[in-house]
Amino acid sequence: MEIISRTATFGGEIQRVKHRSQSCNCDMIFGIFLPPQASEKPVPLLYWLSGLTCTDENFMIKAGAQRIAAELGLAIVCPDTSPRGTNFPGEHDDWDFGSSAGFYVNATQEPWSRNYRMYDYVTAELPALVNGHFPVNGRYGISGHSMGGHGALVCYLRNPGKYLSVSAFAPICHPSDCPWGQKALSNYLGDDRNDWIEYDAALLIGDAKEKLPLLIDQGTEDEWLSDQLKPGTLEQACIASDYPLQLRMQEGYDHGYYFVSTFIEDHLRHHASALL
């Protein structure tokens, strides 16, 4: 494990860390914010999963989360959004598939199955690494944006008991029924749609083994709202299964990080209420 950089902020520190990943069979980089309280005792941890085109740095630079996280005593970990350095044919051709678009799945189709195992990386390998090297206390929440919101919901729903809190910004709620999701899932998992179910929050939530309060913020001026994100489909699944969802449609906001930064404090306090 190699610390690439350390940056002081709000009494704490952001580190960028490089390590060899067994899940992804390549070198991976993640960012971690350690609040000032971490110098005295282990702290709870929020996993943040970023969206299409992002790296480990987008959230740390753009979301403005560190001030509130420092106040609350929350660590934040931001993994990358795909393996790097594999250079498969077509991997870098499209912004919505391949590099920076791992979709937090375990790919089963060649050549992607050799490296694109982001689900295992996020839910197993990275937590083990963080637990072994940083002052965290084993209490986790998970959140994310867009593709990362999809990932956060899926990781939570498939791992009851692992996370104590969950939220999302503009998540891809029903990837089996949107162009981004269909492109990714067919290439990573194959054409059998039964294999897609375990990565589709709208299809998983009706069978949720636990029902943590779910906070979702969605901008009304988001250009991807109707054809890609489909929060209404998730909302209907929650109503049908009596799942506690707070879906906040934020008037005038789009899909970007100005939107995320506006409401990130609400999400951090949502997680802190369960983690602290």
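Since the structure is predicted, the reported quantities are computational estimates derived from the model, not experimental observations.
- Partners of H19 under the ring-ring contact (aromatic ring centres under 6.0 Å, His included) rule, at least two apart in sequence or in another chain, are F30, Y121.
- Within the 3.5 Å criterion, the main-chain N or O of S100 finds a donor-acceptor partner in the side chain of S82.
- For the atom pair N58 CG and W48 CH2, the distance stands at 10.5 Å (nearest 0.5 Å).
- Hydrophobic clustering places L129 together with I142 (ILVMFWY residues linked when any side-chain heavy atoms are closer than 4.5 Å, directly or through intermediates).
- Contacts of D56 classified as salt bridge (Lys or Arg N to Asp or Glu O under 4.0 Å), with partners at least two apart in sequence or in another chain: R16.
- Taken to the nearest 0.5 Å, the NE2 atom of H267 stands 6.5 Å off from the CD1 atom of I264.
- Scanning both residues, S21 and E125, for their nearest heavy atoms gives OG-OE1, 2.8 Å.
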- request: I would like to know whether L46 and Y140 meet side-chain contact (heavy atoms from CB on, under 4.5 Å); could you show each step before the answer?
  value: CA-CA 6 Å; L46 176 66; Y140 312 127; over 6 Å; no
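- No side-chain N or O of S167 forms a donor-acceptor pair with one of H270 less than 3.5 Å apart.
- One finds the CD atom of Q228 at 9.0 Å from the CG atom of L52 (value rounded to the nearest 0.5 Å).
- Distance check: R139 CZ to L164 CG gives 5.0 Å after rounding to the nearest 0.5 Å.
- Y257 and H145 have their aromatic ring centers within a separation under 6.0 angstrom.
- Partners of D80 by salt bridge (Lys or Arg N to Asp or Glu O under 4.0 Å), not counting sequence neighbours, listed by chain and number: R84.
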Carefully, step by step, assess T220 and Q250 under the rule side-chain hydrogen bond (donor to acceptor under 3.5 Å, both in side chains). CA-CA 6 Å; T220 62; Q250 302 292 0; over 6 Å; no
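- The ring-ring contact (aromatic ring centres under 6.0 Å, His included) search around F33 returns none, not counting sequence neighbours.
- Looking at heavy atoms from C-beta onward, L34 lies in side-chain contact with P135 at the 4.5 angstrom threshold.
- No donor-acceptor pair under 3.5 Å is formed between the side chain of R117 and the backbone N or O of N106.
- Put simply, the side chain of Q218 never gets that close to the backbone of P231: no donor and acceptor are under 3.5 Å apart.
- Partners of W180 according to the ring-ring contact (aromatic ring centres under 6.0 Å, His included) rule, which considers only residues two or more places apart in sequence or in another chain, are W95, W224.
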Q: Show the numbers, then the answer: is there a side-chain contact (heavy atoms from CB on, under 4.5 Å) between I32 and I76?
A: CA-CA 6 Å; I32 182 168; I76 303 174; over 6 Å; no
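- The closest side-chain donor-acceptor pair between S176 and D200 falls under 3.5 angstrom.
- Residues L126 and L275 fall into different hydrophobic clusters, defined by Ile, Leu, Val, Met, Phe, Trp and Tyr side chains chained together at heavy-atom separations under 4.5 Å.
- Side-chain N/O atoms of Y116 and E91 include a donor and acceptor closer than 3.5 Å.
- For P160, the side-chain contact (heavy atoms from CB on, under 4.5 Å) criterion is met by K209, E210, not counting sequence neighbours.
- Using cut-offs of 30° and 60° on the angle between ring planes, the pair Y47 and Y163 is perpendicular.
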TODO: Could you check K162 against Y156 for side-chain contact (heavy atoms from CB on, under 4.5 Å), going step by step and ending with a plain yes or no?
DONE: CA-CA 7 Å; K162 186 177 185 70; Y156 155 65; over 6 Å; no
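- Residues H150 and P175 approach most closely at ND1-CG, 4.0 Å, considering heavy atoms.
- Applying the ring-ring contact (aromatic ring centres under 6.0 Å, His included) rule to H271 yields no partners; only residues at least two apart in sequence or on another chain are considered.
- Side-chain atoms of H92 never come within 3.5 Å of backbone atoms of G98 as a donor-acceptor pair (strictly under, hydrogens ignored).
- Interatomic distance, I197 CD1 to L185 CG, rounded to the nearest 0.5 Å: 11.0 Å.
- The CG atom of L268 sits 11.0 Å away from atom OG of S273, with the distance rounded to the nearest 0.5 Å.
- Of the possible polar contacts, none joining the W196 side chain to the G181 backbone as a donor-acceptor pair under 3.5 Å is found.
- Using modelled atom types, no side-chain atom of K62 and backbone atom of Y258 make a donor-acceptor pair closer than 3.5 Å.
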**Request:** Determine, step by step, whether D242 and K211 satisfy the salt bridge (Lys or Arg N to Asp or Glu O under 4.0 Å) criterion, reporting the C-alpha distance in whole Å, the side-chain angles of both residues, the deciding distance to 0.1 Å, and the verdict.
**Result:** CA-CA 9 Å; D242 196 28; K211 295 186 176 183; 5.3 Å; no
As a quick check of understanding, evaluate side-chain contact (heavy atoms from CB on, under 4.5 Å) for M28 and M118, giving each step before the final call. CA-CA 11 Å; M28 295 291 285; M118 290 297 294; 3.9 Å; yes
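- Hydrophobic clustering places F259 together with F59 (ILVMFWY residues linked when any side-chain heavy atoms are closer than 4.5 Å, directly or through intermediates).
- The two residues N115 and N25 come nearest to each other via the heavy atoms ND2-O, 3.3 Å.
- When every heavy atom of A124 is checked against every heavy atom of P127, the shortest pair comes out as O-CD, 3.4 Å.
- Listed by chain and number, the residues in a side-chain contact (heavy atoms from CB on, under 4.5 Å) with D94 are D96, K183 (sequence neighbours excluded).
- The shortest side-chain heavy-atom distance between T81 and S50 falls under the 4.5 Å cut-off.
- Side-chain contact between D195 and T108 is absent, with no heavy-atom pair separated by less than 4.5 Å.
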field: Test log, rule salt bridge (Lys or Arg N to Asp or Glu O under 4.0 Å), inputs E71 and R269
entry: CA-CA 10 Å; E71 173 194 319; R269 295 193 184 280; 2.9 Å; yes
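- Linking ILVMFWY residues whenever their side-chain heavy atoms come closer than 4.5 Å, directly or via other members, leaves Y104 and I29 in distinct clusters.
- At a threshold of 4.5 Å between non-hydrogen side-chain atoms, the residues V43 and P35 count as touching.
- Residues that satisfy the side-chain contact (heavy atoms from CB on, under 4.5 Å) test with R158, not counting sequence neighbours, are Y119, V154, E198, Y199, L204.
- In this structure, the salt bridge (Lys or Arg N to Asp or Glu O under 4.0 Å) partners of E110, at least two apart in sequence or on a different chain, are R114.
- Annotation for L72 and A272: closest pair CD1-CB, 3.8 Å, computed over non-hydrogen atoms.
- Judged by distance alone, with hydrogens and angles left aside, the side-chain atoms of T55 form a donor-acceptor pair with the main-chain N or O of E57 at under 3.5 Å.
- Listed by chain and number, the residues in a side chain to side chain donor-acceptor pair (under 3.5 Å) with T123 amount to none (sequence neighbours excluded).
- Linking Ile, Leu, Val, Met, Phe, Trp and Tyr whenever their side-chain heavy atoms come within less than 4.5 Å puts M147 and L214 in one cluster.
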Throw together a table of side-chain donor-acceptor distances under 3.5 angstrom for residues 1-12, partners on residues two or more places apart or in other chains.
{"from": "R6", "atom 1": "NE", "to": "E13", "atom 2": "OE2", "distance (Å)": "3.2"}

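- A perpendicular orientation is assigned to the rings of Y188 and W112, their planes being inclined by more than 60° (bins at 30° and 60°).
- Of all heavy-atom pairs spanning S113 and A107, the tightest one is CB-O, 3.3 Å.
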